Amino acid sequence: MLDSKQLRTETEAVARNLARRGFALDLDAFRALEERRKAVQIEADRLRAERNANAKAVGMAKGKGEDASAMLARGEQLTGELTAAEVALAAVQTESDAWLMGLPNLLHDSVPEGRDETANVEVRRHGTPRVFDFTPQDHVDLGVKLGGLDFEAAARISGARFVVLRGGIARLHRALAQFMLDLHTGEHGYQEIYAPYLVSPEALVGTGNLPKFAQDLFAVQGERPFYLIPTAEVPVTNLVREQIIAPESLPMRYVAHTPCFRSEAGAAGKDTRGLIRQHQFDKVELVHIVKPEDSYAALETLTSHAETVLQRLGLPYRVLALCAGDIGFGSAKTYDLEVWLPGQGQYREISSCSNCEAFQARRMQARWRNPATGKPEPLHTLNGSGVAVGRAMVAVLENYQNADGSVTVPDALRPYMGGLEVLRG
RNA sequence: GGAGAGAUGGCCGAGUGGUCGAAGGCGCACCCCUGCUAAGGGUGUAAGGGUCAAAAGCCCUUCGAGGGUUCGAAUCCCUCUCUCUCCGCCA
């Protein structure tokens, strides 16, 4: 959610910024709505003030034993008028809120121009793709032959875009998550979080997934309106919902390993092969809660923490600064990490690190007490994958494959694999 | 699942229809006194929104949430959520 004051006072600048995303802010509609809101709200406040004063006068008159019948009649009339005014206010408020909730975040000045992913800017590269003296297989062929990836069984159980992992591959998957958690808690100073996988609509509104992106989510049938989390970002960022954080508690750094559930509506036919795009996948998520002045330094730090995972695993990757048109709804600036996949002969997204500034904090009323003003002010929230577990496993399988179809276990994972050095069928 | 008790400001806690945004305490901030390892006194201290170029001021809202009764609700009624205790069940 944008700062409504900023929206009102710097409307033109906000519109210019949103236009970089390709989002057209309808200035006339906004101003008309504002006029209406202002008039209705002022009138409702006025009526309420008068009713309160009248009611108070009744109390005082009765206390003195005076006749209050005229004031009682006036009160009745005021209540009637107020009820009507409040109905009108609620209507315009709903309209105004819905409109505000539909606006994406403002972009940081450093975000490159461009309307789609082809305009993303490569910031740096790390590692060199391995040169194979045989034709590398993709992770599906490798995993199926190793007996560890079973898409057919998953299809019988659940349908398309699910997988069953078995044996050494299942353990490799677990090893990756464990390795990442230990790295972030042990070396990067994160607190490990275990959080709910089912969340309320309010939590999703807080992170910006609702109301606009309901089609991306799985809603759970039942008495209560639960959704499956699309990422641990949702429960973890909501840890600071409706809180006022003391400055000495900042920054907060959280890491959580959770499954993520995505409907992938609109992705029909895209990445249908293998583990790249599943309805359920595991991810180790990093969340920073910081003072506003620190958030861009925190974005660099958070990104570097995700990069460390790939470095320790010996996986070649590149870092992209997403362009204006490709950046997510709630983010002011995003870096994507793309890992090299020999089986596909290309770099594929494995992490996305975003600074949401105060966008989510405003939605969830997450504040800190700024000593400079003594007032509660919105925090800045950041999140990033550190990293996607399924895709990391794809990268390990493809990058560490051998000519005979076996897969060498990266050094960093061996302690988590009982010392195993090579995965064989 | 059954029975009971509760939900008030950063924290604890009083408050059963009117001048209550809410006593008192703790914590915190500032000031004074005193001065030697400790205290005493005073003042202030909720959040959200509106109006305003902005500040001040003024106004509105908020005592778990939503509805209702009333001229007027923290206080009365209804529904829901959450917490705690006991019983049952369960990993």
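Convention: sequence-line order gives letters A, B, ...; per-chain numbering from 1. Scope of the values below: all heavy atoms of this structure, side chains included, with no hydrogens, waters or symmetry mates. Values in this document were obtained by computation on a predicted structure and should not be read as measured data.
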Write out a two-atom table: protein N or O, nucleotide N or O from nucleotides 56-63 of chain B, distance below 3.5 Å.
{"from": "B/C60", "atom 1": "O2'", "to": "A/Asp45", "atom 2": "OD1", "distance (Å)": "3.1"}
{"from": "B/C60", "atom 1": "O2'", "to": "A/Arg48", "atom 2": "NH1", "distance (Å)": "2.4"}
{"from": "B/U61", "atom 1": "OP1", "to": "A/Arg51", "atom 2": "NH2", "distance (Å)": "3.4"}
{"from": "B/U61", "atom 1": "OP2", "to": "A/Asn52", "atom 2": "ND2", "distance (Å)": "3.4"}

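- With respect to A/Arg161 and A/Glu264, no salt bridge is recorded, no charged nitrogen being found less than 4.0 Å from a carboxylate O.
- Counting non-hydrogen atoms under 4.0 angstrom, A/Arg362 reaches nothing in the nucleic acid.
- Distance from the side chain of A/Lys56 is smallest to B/G21 among B/C71, B/G48, B/G21.
- An OP1 or OP2 oxygen of B/A53 is reached within less than 4.0 angstrom by no side-chain nitrogen or oxygen of A/Thr9.
- Spacing between atom CE of A/Met60 and atom P of B/U19 amounts to 10 Å, rounded to whole angstrom units.
- Contact annotation for A/Gly59: base contact, defined as any heavy-atom pair under 4.0 Å involving a base atom.
- Side-chain polar atoms of A/Arg363 and A/Gln360 form no donor-acceptor pair below 3.5 angstrom.
- Taking atom C1' in both B/G1 and B/G72, the straight-line distance is 42 Å, to the nearest Å.
- Between A/Arg369 and the phosphate of B/A47, there is a side-chain N or O to OP1/OP2 separation shorter than 4.0 Å.
- In this structure, A/Tyr416 and A/Phe179 have perpendicular ring planes: the angle between them is above 60°, well past the 30° mark.
- Comparing B/U51, B/A47, B/U19 by their closest approach to the side chain of A/Ile244 singles out B/A47.
- Relative ring orientation between A/His288 and A/His305 is described as tilted, the plane-to-plane angle lying within the 30° to 60° band.
- Rounded to a whole angstrom, the distance from the P atom of B/G21 to that of B/C32 is 35 Å.
- For the C1' atoms, the distance linking B/G9 with B/G25 amounts to 13 Å, nearest Å.
- For A/Leu100 and B/G49, the CG to P distance is 11 Å, given to the nearest whole Å.
- Closest contact between the side chain of A/Arg8 and the listed nucleotides B/G21, B/C71, B/G50 involves B/G50.
- The side chain of A/Lys38 contributes an N or O atom lying less than 4.0 Å from OP1 or OP2 of B/C52.
- Using modelled atom types, no side-chain atom of A/Asn238 and backbone atom of A/Met364 make a donor-acceptor pair closer than 3.5 Å.
- Donor-acceptor pairing under 3.5 Å is recorded for the side chains of A/His257 and A/Asp282.
- Separating the CD atom of A/Gln77 from the C1' atom of B/U70 is a distance of 17 Å, rounded to the nearest angstrom.
- Across B/C77 and B/U69, the matching P atoms stand 15 Å from one another, rounded to whole Å.
- Between the CD atom of A/Glu202 and the C1' atom of B/G66 there is a distance of 13 Å, given to the nearest Å.
- Both A/Gln365 and A/Leu72 lie close to RNA chain B; mapped to their nearest nucleotides by heavy-atom distance, the more 5′-ward contact belongs to A/Gln365.
- One atom, CZ of A/Arg367, and another, P of B/G9, lie 13 Å apart when rounded to the nearest Å.
- The interatomic distance linking A/Gln41 (CD) with B/U51 (P) rounds to 7 Å, in whole Å.
- Of the residues listed (A/Arg37, A/Arg31, A/Arg36), the one engaging A/Glu34 in a side-chain hydrogen bond (donor to acceptor under 3.5 Å, both in side chains) is A/Arg37, and it is the only one.
- Of the C1' atoms belonging to B/C12 and B/A65, the separation is 24 Å, rounded to the nearest Å.
- One finds a salt bridge joining A/Arg312 and A/Glu187 here, because a Lys/Arg side-chain nitrogen approaches an Asp/Glu carboxylate oxygen to under 4.0 Å.
- Contact record, A/Thr334 with A/Ser352: CG2-OG, 3.4 Å, taken as the closest heavy-atom pair.
- Closest contact between the side chain of A/Val58 and the listed nucleotides B/G50, B/G18, B/G48 involves B/G18.
- Here, B/C87 and B/A14 have their C1' atoms 34 Å apart, quoted to the whole Å.
- Each of A/Arg224 and A/Ile42 was assigned the nucleotide of RNA chain B with the nearest heavy atom; the assignment lying further toward the 5' end belongs to A/Ile42.
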Let's test your reading of the pairing rules: Watson-Crick or G-U wobble, both distances under 3.5 Å, then write RNA chain B as a dot-bracket string with ( ), [ ], | and dots. ((((((((.[[[..)..(.....]]]((((((.......))))))((((((.....)))))).[[[[[..)....]]]]])))))))....

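- Atom pair A/Lys375:NZ and B/U45:P shows a separation of 10 Å (rounding to whole Å applied).
- Residue A/Leu82 contributes atom CG, which lies 12 Å from atom C1' of B/G72 at whole-angstrom precision.
- Atom name P, nucleotides B/G44 and B/C26: the rounded distance is 16 Å, in whole Å.
- Ionic pairing of A/Glu285 and A/Lys283 is present here: one or more N-O contacts between side-chain nitrogen and carboxylate oxygen are shorter than 4.0 angstrom.
- Comparing B/G42 with B/G49, their C1' atoms sit 34 Å apart, to the nearest whole Å.
- A donor atom on one side chain and an acceptor atom on the other are not found under 3.5 Å apart for A/His184 and A/Tyr254.
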